[in-house]
Amino acid sequence: MRYLGLALAVLFTIATSEAGRAAEPTRFVPLQPDELSSSQKEWADAIAVPPRNAKFTNPPYRAYIHNPELAPKLSAMSDYLRWNSSLPARLSEFAILITARQWTAQYEWFAHYPLAMKAGLDPDVAKDVANGVRPKAMKDDEAALYDLAIALYRDKKVSDDVYRAANCKNSASAASWMLSA
């Protein structure tokens, strides 16, 4: 069960960082470096180095920096979900692509598509996701993840059948060990 929470947290984090992007420029005007407090500057410097290489003026960091107490916690969760979770990079990047398509988040798609290819995702799978259709060439773990994500986005709940498919203890799929205790 601890991996179900991890999978849900990955999807939630990706979705919430993308969902408000259209309105973000007026809601979270980018701060200038000389406007940052010492704690904001410390956090901005921390996210500017590898592996993140981020700018505090870009989404979602542009919103995060307005709360210097929360920003490092959000970054730490994001770092864990992206680079330290038990999910293989192929599945993590696949989840990001599914979410990018769900929210029509072009930046996320173009930033993560090459990472997904490098991690071993089949280009035909990504092409189908981009076209808004269920990919035909998915591996078992990818299909379980896809079905889980689509159920969450479309139905706002996970059916027993989708849960059982993702939780199959005899399966070698990543989704099964994501969801098992």
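- One finds the CD1 atom of Ile47 at 8.5 Å from the CZ atom of Phe56 (value rounded to the nearest 0.5 Å).
- Checking side-chain atoms of Glu42 against main-chain N and O of Ser39 turns up no donor-acceptor pair under 3.5 Å.
- Annotation: the span from Phe94 atom CZ to Leu87 atom CG amounts to 12.5 Å, rounded to 0.5 Å.
- Put simply, the side chain of Arg134 reaches to within 4.5 Å of the side chain of Asp147, judged on heavy atoms.
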Legend entry - Trace of the side chain to side chain contact (heavy atoms under 4.5 Å, CB included) decision for Tyr113 with Ile96: CA-CA 9 Å; Tyr113 178 87; Ile96 293 169; over 6 Å; no
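- Atom NZ of Lys127 and atom CG of Asn131 lie 6.5 Å apart (nearest 0.5 Å).
- Side-chain contact between Ser38 and Lys41: absent, with no pair of heavy atoms (C-beta onward) separated by less than 4.5 Å.
- When atom types are taken as modelled, the side chain of Arg90 and the backbone of Ala119 share no donor-acceptor pair closer than 3.5 angstrom.
- For the atom pair CE (Met138) and CG (Leu145), the distance works out to 9.0 Å, reported to the nearest 0.5 Å.
- Classification of Arg164 and Asp161 as a salt-bridged pair holds, one side-chain N sitting under 4.0 Å from a carboxylate O.
- Going from atom OH of Tyr146 over to atom CG of Asp141 covers 15.5 Å, rounded to the nearest 0.5 Å.
- Under the 4.5 Å side-chain criterion, counting only non-hydrogen atoms from C-beta, Trp43 is in contact with Ile65.
- Few gaps surround CD on Glu35; more than 12 heavy atoms of other groups in view lie less than 6.0 Å from it.
- The pair Lys139-Asp122 fails the salt-bridge criterion, with no side-chain N (NZ, NE, NH1 or NH2) lying under 4.0 Å from an Asp/Glu carboxylate O.
- For the atom pair CG (Leu148) and CD1 (Ile98), the distance works out to 9.0 Å, reported to the nearest 0.5 Å.
- Ion pair Glu93/Lys118 not flagged as a salt bridge, since none of the NZ, NE, NH1 or NH2 atoms sits closer than 4.0 Å to an Asp/Glu carboxylate oxygen.
- For the residue pair Tyr153/Thr99, the side-chain donor-acceptor check at 3.5 Å is satisfied.
- Using a 4.5 Å heavy-atom cutoff, the side chains of Val129 and Arg101 are in contact.
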